[in-house]
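Accompanying notes for the structure given below.
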Amino acid sequence: MNLEQLLEDKYGYRSFRTGQKEIISEVLNGRDVLALLPTGMGKSLCYQLPGHVLPGSVLIVSPLLSLMQDQVAQLKKMGEKSVVAINSFLKAEEKEQIWQAIGDYRFIFISPEMLLQPQVIRRLQRITIALVVADEAHCISQWGFDFRPDYLRIAEVLPALGAPQVLALTATATKKVEQDIRHYLQLDDPVIYIHPMDRKNIAYDLKNFRDGEEKREWLLAFAETYEGPGIVYAGTRRKAEELAGILTDNGLPAAFYHGGMEQQDRIFIQQQFQNGEINWVCSTNAFGMGIHVPNVRHVIHFQIPTAIEEFVQEVGRAGRDGLPALATLLMAPGDEKLMQALLIDELPTRHEIEAVASDSAGRVDLVEAGIVRETSYRVIRYWLGRMTPEQTIVQIERLAEDKLMRAASMTGLAESGKCLRAYILGYFDQQLQEHPENCCLWCGIDYEPYPLRTTESEESESLHWQQRLSRLLP
DNA sequence: CGTGCGGATGCTAACATCCGCACGGTGCCTTAGT
């Protein structure tokens, strides 16, 4: 089969990007594949193209509803009609209609939680699933153990679906994440494709401050000096709002974004950022997946992230256009303590585990009564289904240790005093081939490539007039 | 670690002030009964 011809017929591209052809060929050879491709390297084509060749539907397991909707819209825009997302956005009748004709859809998007529902499995059993895709597969490792346990259960469904082949796609994976993906998706002798993950156009900077006040002053001065767009990652929702407030108070086009907002507001901010109407988004780690803004110049971490994996994911949203981008990590004494406390507090407690274990009737009253938190309840139920309460407690303790170790690797980066790029690549078991010209603060950073803010003083003055006028008028 | 909230305090009626303590990120899925 001529893949290039197919690519041109279906998508109008003349040639594949690095890695795409290898991955697609292996999928078409019937192999399980785990592909590590950096963000923006055309991951979705790796299942879209096989979807036109394979004898059956492609089932894509996706972490976010917004991501699904986005991908469905994108496929439809490209002329692909037989696409659907099965999720809680659908009304009962819509859902029924889709199920009636489910075999007609070439691409079916679904969340792990929805996929695990028995009636969903029964419906999917009636059709031929040729390929199951785990999109953003690092979520298995990142979320499965203590947040969204259904992520660990995807493989349970596969036998019922006729044991289709599996393609796992992600941008960031340590050896541990890779192993988790292989194990929990039960990949069968998979082909592993690893693309070098170094992003040469991103320089890594680090600033030490005495306290948060100094950080705030620096952030404001930076945003007033340099042109965005940029993302500022804060540790908490409140902090994200506070930082956005500082920027907007000083006339900068900024907004905050976090998981506590209404879905509509979140979509609105995303769109404004994508249209360039907002220059700075101050957010928690909720912001990022599914954001396609190629020209993000700056990613600033106001507070230290909980792991290098997270840091790299977030930093990777900069400079997708290939132009120079800058990642800046702001540090102050005590920062790591806050994040450590946060990491551990959110895990199920011994008390919660014992409460769920002794509640043999399996009632959800514990959550209603405020004895067990909602997420804890589901996580505990997952583990109790597989081990004793005592083993579950040990399991959660191990998770806490693991999280603290990963957090320590992040502080290690901040304190190493050596090339940050080399440290990061080393963490992912990759070797730095060559230091780019703009590498990191230890190798030296030239700030000249980062465009300065164009002071549109006249424009802002006229805006002032408009504002004053609007205040005078009723 | 930093912050914000609720309750106690101090003393006789409303309110300022202090202290202890909980909380902090990430998202699917909710099919009851007016």
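Since the structure is predicted, the reported quantities are computational estimates derived from the model, not experimental observations. Below, chains carry the letters A, B, ... as their sequence lines are ordered, and counting in each starts from 1.
- One finds a salt bridge joining R123(A) and E96(A) here, because a Lys/Arg side-chain nitrogen approaches an Asp/Glu carboxylate oxygen to under 4.0 Å.
- Distance, K337(A) NZ to dC1(B) C1': 8 Å, rounded to whole Å.
- The distance between atom NE2 of H301(A) and atom P of dG25(B), rounded to the nearest whole Å, is 15 Å.
- Below 30°, between 30° and 60°, or above 60°: for F311(A) and H301(A) the angle between ring planes is between 30° and 60°, a tilted geometry.
- Atom pair K239(A):NZ and dT3(B):P shows a separation of 6 Å (rounding to whole Å applied).
- For the pair F302(A) CZ and dC1(B) P, the computed distance is 18 Å after rounding to whole Å.
- In this structure, dA13(B) makes no Watson-Crick or G-U wobble pair, since no nucleotide meets both defining distances under 3.5 angstrom.
- For the pair R237(A) and E241(A), the salt-bridge criterion is not met [side-chain N within less than 4.0 Å of a carboxylate O].
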- Query: Tell me, for nucleotides 26-34 of chain B in 5' to 3' order, what letter each nucleotide earns: B for a base near a protein heavy atom under 4.0 Å, S for only sugar-phosphate near one, - for neither?
  - Reply: BBBSS----

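- Among the atoms of the strands shown, none is found under 4.0 Å from any heavy atom of G212(A).
- With a cut-off of 3.5 Å on both Watson-Crick or G-U wobble distances, the partner of dA32(B) is given as none.
- Under the 3.5 Å distance criterion, with hydrogens and angles disregarded, a donor-acceptor pair is assigned to the side chains of H138(A) and T170(A).
- In dT30(B) the O4'-C1'-N dihedral to the base is within 90° of 0, which defines a syn nucleotide.
- One can place CG of D211(A) at 12 Å from C1' of dG2(B), the figure rounded to the nearest angstrom.
- With 3.5 Å as the limit, one finds no donor-acceptor pair spanning the side chains of Y427(A) and R406(A).
- For dC18(B), the paired nucleotide is dG7(B), the pair qualifying as Watson-Crick or G-U wobble because both relevant distances are below 3.5 Å.
- Taking a pair to require two hydrogen-bonding distances under 3.5 Å in either a Watson-Crick or a G-U wobble arrangement, dT26(B) remains unpaired.
- The separation between E242(A) atom CD and dG24(B) atom C1' is 14 Å, rounded to whole Å.
- Judged by distance alone, the side chains of N87(A) and Q69(A) do bring a donor and an acceptor atom under 3.5 Å apart.
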